[in-house]
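A short worksheet on the structure shown next.
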Amino acid sequence: MTFANRLSRRELGTLGEQLSANFLIQQGFRITERNWRCRSGEIDLIAENGEALVFVEVRARTKTHSGSFGTAQESVDVRKQRKVRDLAQVYLHMKQKIDPLPIRFDVICATFQPDGALISLDHIPHAF
């Protein structure tokens, strides 16, 4: 494989988010926001699943990177969890109606070949 056939980090992330959103929709989720941003940062996906509002952190890795830098799951450390929780609070403050839904935090880990072929997509509900 040549370097030209590899996806850039941004392309890999975008592909991971798109496949994750498609997966959630197939599982009955309703995507309400993609790449929601504020001054503090970004939440990859926000979805409704039944009576819950779900904040989803998507992690995409190539097979070659997961061995060198840890797995996608391992990259959602305590610091990242705190950041996502803080962003969720901002989102809820700005967007939530009077009757807020229960919330939860999920992680989706997408593992790819360097050319972008999907190896696995793992959904971790209630990840933190």
Side-chain angles (χ1 to χ4, degrees):
M1 166 182 287
T2 66
F3 182 73
N5 292 342
R6 293 176 183 251
L7 293 179
S8 71
R9 186 173 169 190
R10 177 174 282 176
E11 291 169 328
L12 190 68
T14 299
L15 181 59
E17 289 173 4
Q18 182 60 52
L19 292 174
S20 296
N22 293 346
F23 171 81
L24 291 174
I25 290 167
Q26 291 171 353
Q27 300 303 308
F29 288 68
R30 185 174 75 81
I31 305 297
T32 58
E33 302 274 356
R34 292 176 191 238
N35 303 111
W36 181 82
R37 290 186 172 107
C38 68
R39 277 191 278 166
S40 305
E42 175 184 309
I43 297 175
D44 296 325
L45 298 169
I46 303 171
E48 290 181 10
N49 182 24
E51 295 298 318
L53 185 63
V54 184
F55 295 90
V56 182
E57 177 66 19
V58 177
R59 292 302 204 182
R61 293 279 194 272
T62 59
K63 187 176 179 184
T64 55
H65 276 136
S66 45
S68 305
F69 301 107
T71 65
Q73 293 94 327
E74 291 169 337
S75 72
V76 184
D77 59 12
V78 173
R79 187 171 148 209
K80 182 61 178 178
Q81 291 173 22
R82 186 177 323 117
K83 176 87 169 175
V84 173
R85 282 189 184 111
D86 291 347
L87 288 168
Q89 287 298 325
V90 172
Y91 177 84
L92 292 170
H93 179 74
M94 293 175 67
K95 301 269 187 166
Q96 195 68 10
K97 300 177 175 95
I98 295 171
D99 273 339
L101 296 172
I103 64 168
R104 76 172 204 236
F105 299 93
D106 291 5
V107 173
I108 296 182
C109 304
T111 305
F112 295 94
Q113 293 289 349
D115 66 356
L118 182 66
I119 296 171
S120 65
L121 190 74
D122 300 310
H123 178 209
I124 306 166
H126 304 281
F128 56 92

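Fair warning: this is a prediction, and the values are worked out from it, not measured in the lab.
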With [X] via side-chain hydrogen bond (donor to acceptor under 3.5 Å, both in side chains) - residues at least two apart:
{"X": "R34", "result": "Q18"}
{"X": "Q81", "result": "none"}
{"X": "R9", "result": "none"}
{"X": "R30", "result": "E48"}

Fit a plane to each ring of F23 and H123, take the angle between them on a 0 to 90° scale, and name the class: parallel (under 30°), tilted (30 to 60°) or perpendicular (over 60°).
perpendicular
Residue of the set L87, I124, V84 for which side chain to side chain contact (heavy atoms under 4.5 Å, CB included) holds with E57:
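Checked L87, I124, V84 against E57; only one passes side chain to side chain contact (heavy atoms under 4.5 Å, CB included): V84.
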I need the single residue from I25, L45, D106 that forms a side chain to side chain contact (heavy atoms under 4.5 Å, CB included) with S20. Which is it?
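So the option named by the test is L45.
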Residues that E11 engages under side-chain contact (heavy atoms from CB on, under 4.5 Å), provided they are two or more places apart
L7, S8
With sequence neighbours left out, write down each residue that passes side-chain contact (heavy atoms from CB on, under 4.5 Å) with N49, or none if nothing qualifies.
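With sequence neighbours excluded, N49 shows a side-chain contact (heavy atoms from CB on, under 4.5 Å) to F29, V54, R104, given in chain and number order.
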Residue pair N35, E17: steps toward the side chain to side chain contact (heavy atoms under 4.5 Å, CB included) verdict
CA-CA 9 Å; N35 303 111; E17 289 173 4; 2.8 Å; yes
At what distance, to the nearest 0.5 angstrom, does CD1 of I43 lie from NZ of K83?
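I43 CD1 to K83 NZ: 10.0 Å, rounded to 0.5 Å.
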Could you tell me which non-hydrogen atom of A127 sits nearest to which non-hydrogen atom of V107, and how far apart they are?
CB-CG2, 3.5 Å
